[in-house]
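Take a look at the structure below.
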Amino acid sequence: MGATLAAGLAAGALSLSSPTAATAQPTNIIDNGDFASGTDPWWWTENAPSANVEGRLCSEVPGGTVNPWDAIVGQDGIALAEGESYELSFTATSTAPLTVRTNVQQAVDPWVSEHSSADPVSETAETFTHVFTASTDHAAAQLAFQVGGGDDPVTFCLDDVSLTGGAEPPVYEPDTGSPVRVNQVGYLTEGPKAGTFVTEATEALPWTLNDAAGAEVASGTTEPRGVDAISAENVHTFDFSEVTTEGEGYTVTIGEETSEPFSIGGELYDTLRTDALAYFYHNRSGIEIDADLVGEEYARPAGHVNVAPNQGDDGVTCWAQDPCDYTLDAAGGWYDAGDHGKYVVNGGIAAAQVLSNYERTLTTEGTGGDELGDGALAVPEQGNGVPDILDEARWQLDFLTAMQVPAGEELAGMAHHKLHDAQWTGLPLLPHEDSQPRELHPPSTAATLNLAAAAAQGARLFEAYDADYAAELLAAATTAYEAARANPDLYADPLDGTGGGAYSDNDVTDEFYWAAAELYITTGDDAYLADVTGSELHGDAEAIFPPGGFGWGSTAALGALSLATVDSGLSDARRAEFRGLVTEAADGINATVAAGAYGVPLPDENFVWGSNSQVMNNMVVLATAHDLTGESAYRDGVLSGMNYLLGQNPLNLSYVTGYGERYAENQHHRHWANQLDATLPNPPAGSVAGGPNANLEDPIASDLLEGCAPAMCYVDHIESYATNEVTINWNAPLAWLASYVDDLGAGGGEGPGTGEPSVCEVSYTSNRWNGGFTSEVRVGNTGETPISPWELSWSFDDSQRITNAWNASVTQSGRDVVARPAAWNRTVPPGGSVTFGFQGTASGSVGDPDAFTLNGGACDVG
């Protein structure tokens, strides 16, 4: 949830109705806007000398500047009245193409903007007109034409500048396309299939489902639902779940209206899994982004590595307002959002959900672990024997641990809240071109607990691949947790929002709950479990899982989800307690899904900044409940949310770039900025927009969307950062869910796919002693093709409990056990075998298991 200084905003081309001129001739508030009296009272920055040239003001703008506001032409002393609408008009030329950013704003810091726009100026004179409404009174506002940020020098000329009151506010009319709304990617073969129709009709209407050739496949009648609260439109719904024939190019027609085309079945979400995860490599700091991995248009040099003009993140000192006598090497990590900031509180939850994406493959039978394994993702660490998704997570974990205050310093073990530029930077700006000083901002309890939780989770997952690194993570986690206990109320300043978002949070009971849960699972130390069960949140499903979705400021759900799914030595009764919290929360979310015509897993009042992430995190709860219980209702709730994200919504828009017929593509980002600079790309496929925000917290949204219904409060514009930003902690749940639904697709929609049965033979031997046992398992491939990777499952019929294992990763849930390969034995060749072993405890007599499945297929037992 980044933000941007108003001085750096731009509006670009918008779909607006033409403003109506006032009846009386309006008075121009701008003094000498036609430059008939020379250049007074206009001013310009020293680097852009200006003069009156043939009745125009012409400025010599230098090249090589970084930000738009590095060169400005302006006028001060402009009086504006709250609630008054104004028309701004000017004519401009430039000797080379130039995007001019025009702000009407406060004349002093923090430069709060009443209007921001961006216009492409060329050699041909063109008149630009914009209408805005002032949100407050200004005795002396400023009109600023920002013309910096270009590589080459230009001559910029202005003429006929006017600002007049009495204008009629523009009416923004979003292009919503067909009133027949569907998931534009498609529907799983065996899953639910539904859509929404916007109409004034109050009686049921006939619908038909047609295949790609136009032949009718199914038909029915709509269900009138009345006026929908999130769109303020009268809607009907329709359902064609009985259709299970796979195919592409399906459409639904109601009367003369036809939906966008979509698919049924097939590998609908296979690429979304990898695209959503690729987002993180794209946004790595401190490393060159390789064209061989991302393509030429997305390749770029390493950012913030002390190569001019960068000042670098490898020797960062503290913010001048809170100085320290040390520096940190905090290079690496992921850029948080549309800006170049790196935040521990946002980075912690994002890292945790990336790790959980992988950990789910260890706890849920039949999931696609190979889809996340070594060589599966576009990361430079391919081929190192570690699952690629863990390599990606490590890039962020290293940053998080680097943000700890060093031993011997005051607040040692605490984590600095964030690292970013001293001042906001403008758009567009690639990381390696950023010349701003980088600063550490003060430590906070919330950041420290994010570090503790994510590092503890990472420690247990890296144990099988790099034990030394796992130990380092666990040491950082335990140190951070103890430091947070010693400093339980060190909160980030909500006013610390210059150069980066504040991310303030003065309630950290949820972070303590989360961190204690992850540390307990990793260490088995009952002291951490006591902190979980002693929390004021414990047992309260609504407090742990807020109906409006968990997120960076509400993280207890992460701990509860881990305790419900990851084997941790919990008693069966205690495990059932945490699972009950998950299903109770999921039941509440599904009630919300059922109540709305669009089936959104989000209450009507929760369309806030990043609403799509709230939707997705509620979907994660539903998906986890399905993993735990197999109940199809939870699966259906997830798929309903996926429908909403991918086009079955009031705007008929997929919020994920590259997915669907109509998708967002101008998300707020510093270097995916094609809307402002045609030489730069749009965001890559798999980038999810923040989504509707009824609070209208940026100038573009407030200018265009006043009075909007909650789910209509969105505009696909690069400067609408409060509705259209992209962030790591929004793409993390998208990637998690893409893995989940792709696994569903492999299983026909019923559950995780297990693939074809393998031809295998298992031998199992065990040595027992009082209270303990040691077992060795040999898995042989009796088929003709390699098995890679492998996953062996069995169940004990008694009280055996595995305590440690070698040559495999072995997890146990109740009596059910799953063994997965180590880095070096992923493949069982034809005629070959792998062997692994484990130790455990048991009371009373114990027996050997007599049934095993390998990758879903039954094995012979030798």
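For clarity, every value in this text was computed on a predicted model and none was experimentally measured. Throughout, residue positions are numbered sequentially from 1 according to the sequence presented.
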Going by distance alone, is a donor N or O of one side chain under 3.5 Å from an acceptor N or O of the other, for [X] and [Y]?
X	Y	answer
Y335	S285	yes
T657	Q667	yes
H420	D339	no
N682	N666	yes

- Applying salt bridge (charged side-chain N to carboxylate O under 4.0 Å, His left out) to R284 and not counting sequence neighbours gives E381, E392
Side-chain donor-acceptor distances from residues 58-65 under 3.5 Å, at least two apart:
from: S59; atom 1: OG; to: S50; atom 2: OG; distance (Å): 2.4
from: E60; atom 1: OE1; to: T155; atom 2: OG1; distance (Å): 2.9
from: E60; atom 1: OE2; to: T155; atom 2: OG1; distance (Å): 3.3
from: T65; atom 1: OG1; to: G149; atom 2: N; distance (Å): 2.6

- May I ask you to check whether over 12 heavy atoms, not counting those of E706, lie within 6.0 Å of atom CD? no
- Query: Does any pair with a residue in residues 69-109 pass disulfide (SG to SG under 2.5 Å), and if so which ones, sequence neighbours excluded?
  - Reply: none
- Message: Exactly one of W730, W334, W672 should register a ring pair (Phe, Tyr, Trp, His ring centres under 6.0 Å) with Y279. Which one does?
- Response: W672
- Task: Please lay out, stage by stage, how K418 and D336 fare under the test salt bridge (Lys or Arg N to Asp or Glu O under 4.0 Å).
- Result: CA-CA 10 Å; K418 55 181 183 169; D336 169 62; over 6 Å; no
- Note on the structure: Closest non-hydrogen contact found for H432 with A302 is CB-O, 3.3 Å
- Nearest heavy-atom neighbours spanning A51 and T39: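 Answer, listing the atom of A51 first, then T39: C-CG2, 3.9 Å.
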- Applying side chain to side chain donor-acceptor pair (under 3.5 Å), name anything that partners E114, two or more places apart in sequence or on another chain. S135, H138
- Would you mind reporting whether W43 and I72 have side-chain heavy atoms less than 4.5 Å apart?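 Result yes, sub-4.5 Å side-chain heavy-atom pair found.
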- Which pairs with one or both residues in residues 680-701 pass ring-ring contact (aromatic ring centres under 6.0 Å, His included), sequence neighbours excluded?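 ring-ring contact (aromatic ring centres under 6.0 Å, His included) check on residues 680-701 returns no pairs.
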- Message: Does anything in residues 82-110 form a ring-ring contact (aromatic ring centres under 6.0 Å, His included)? List the pairs, not counting sequence neighbours.
- Response: Y86-F132, F90-F128, F90-F145
- Task: Run the numbers on D119 and H130 for side chain to side chain donor-acceptor pair (under 3.5 Å), then give the verdict.
- Result: CA-CA 10 Å; D119 296 298; H130 302 282; 2.9 Å; yes
